[in-house]
Amino acid sequence: MSLFEINDKGNVIVHGQLDRDTLSKNFWESLSSNERGTLQQNKRCSLDLSDVERADSAGLAWLINAVRDAEQNGVSITLSKMPEKLQKLAKISNADSFLPVE
């Protein structure tokens with residue numbers, strides 16, 4: 001199973017673990033040109049994190065970069081159903097204030 005799935009409405013479901021062992025590329029680099037086009041056409045993206053089993057600081061950095069890269073490409077991004085442990089990590093790291101969590 002891949003790390004995430006994207007539907008035609010720009011919704012992304014993230015699966016498994018967001019950690020230094022599973023993340024080799026950032027979000028935007030991992031997308032195919034079709035997927036990028038879908039997100040840019042919709043001008044929005046919602047990352048559903050309800051299926052994330054574990055995340056570390058690399059996962060938090062991946063999310064921060066996903067927000068940055070999406071915005072640089074004209075896509076408004078939101079994070080939904082963020083696991084409590086990931087929320088706490090974001091808060092401890094002072095990243096919670098600029099992560100667009102629903």
Side-chain angles (χ1 to χ4, degrees):
M1 177 188 294
S2 73
L3 181 60
F4 55 86
E5 302 170 46
I6 300 176
N7 69 19
D8 60 350
K9 303 239 187 282
N11 297 313
V12 179
I13 299 172
V14 182
H15 303 285
Q17 300 182 25
L18 293 178
D19 60 27
R20 65 175 178 253
D21 296 327
T22 60
L23 299 169
S24 58
K25 293 181 181 178
N26 73 31
F27 173 69
W28 201 257
E29 289 174 347
S30 300
L31 299 172
S32 69
S33 60
N34 269 353
E35 291 168 331
R36 285 186 200 128
T38 296
L39 296 181
Q40 289 173 314
Q41 181 178 354
N42 287 315
K43 298 186 190 258
R44 61 164 294 283
C45 173
S46 174
L47 277 149
D48 179 342
L49 303 170
S50 62
D51 198 30
V52 172
E53 299 165 2
R54 180 182 173 299
D56 64 9
S57 58
L60 180 59
W62 186 83
L63 290 172
I64 292 167
N65 289 334
V67 171
R68 178 202 64 205
D69 294 345
E71 289 176 355
Q72 287 177 348
N73 286 280
V75 178
S76 172
I77 194 168
T78 56
L79 309 177
S80 67
K81 302 174 186 165
M82 184 182 254
E84 186 178 341
K85 287 184 179 182
L86 187 53
Q87 288 180 17
K88 287 180 181 179
L89 179 61
K91 185 173 182 99
I92 290 168
S93 304
N94 288 324
D96 59 329
S97 63
F98 55 86
L99 286 176
V101 178
E102 290 182 330

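Computed over heavy atoms, backbone and side chain alike; hydrogens, waters and symmetry mates excluded.
- Under the 4.5 Å side-chain heavy-atom criterion for ILVMFWY residues, a single connected hydrophobic cluster contains both F98 and M82.
- Nearest heavy atoms, L99 versus A90: CD1-CB, 4.0 Å.
- Heavy atoms from other residues, nucleotides or ligands lying under 6.0 Å from CD of E84 number 12 at most.
- Tracing side-chain contacts under 4.5 Å through hydrophobic residues (I, L, V, M, F, W, Y), one never reaches V52 starting from I13; they form parts of separate clusters.
- In this structure, F27 and W62 have perpendicular ring planes: the angle between them is above 60°, well past the 30° mark.
- When all heavy atoms of L18 and V14 are compared, the pair lying nearest together is CD2-CG1, 3.8 Å.
- Cluster annotation: I64 is connected to L23 through the hydrophobic network of ILVMFWY side chains, with a link wherever side-chain heavy atoms come within less than 4.5 Å.
- Under a 3.5 Å cut-off, the side chain of R44 and the backbone N or O of N11 do not form any donor-acceptor pair.
- Between the side chains of S50 and D48, at least one donor-acceptor pair of N or O atoms lies under 3.5 Å.
- When all heavy atoms of S30 and F4 are compared, the pair lying nearest together is CB-CZ, 3.7 Å.
- Interatomic distance, OG of S46 versus CD1 of I77, reported as 8.5 Å (0.5 Å rounding).
- For the pair V75 and L39, the tightest heavy-atom approach, listed with the atom from each and the gap, is CG2-O, 3.6 Å.
- For the atom pair NZ of K85 and CD of E53, the computed distance is 12.0 Å after rounding to the nearest 0.5 Å.
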V101/D96 under side-chain contact (heavy atoms from CB on, under 4.5 Å): CA gap, chis, key distance, verdict: CA-CA 8 Å; V101 178; D96 59 329; over 6 Å; no

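- The line from CD of E5 to CD of E35 is 10.5 Å long, rounded to the nearest 0.5 Å.
- Closest non-hydrogen pair, L60 versus S93, comes out as CD2-OG, 3.7 Å.
- Closest heavy-atom contact between D56 and R20: OD2-N, 3.3 Å.
- Counting heavy atoms from C-beta on, the side chains of T38 and L31 never come closer than 4.5 Å.
- In this structure, S80 contributes its side chain and E102 its backbone to no donor-acceptor pair below 3.5 Å.
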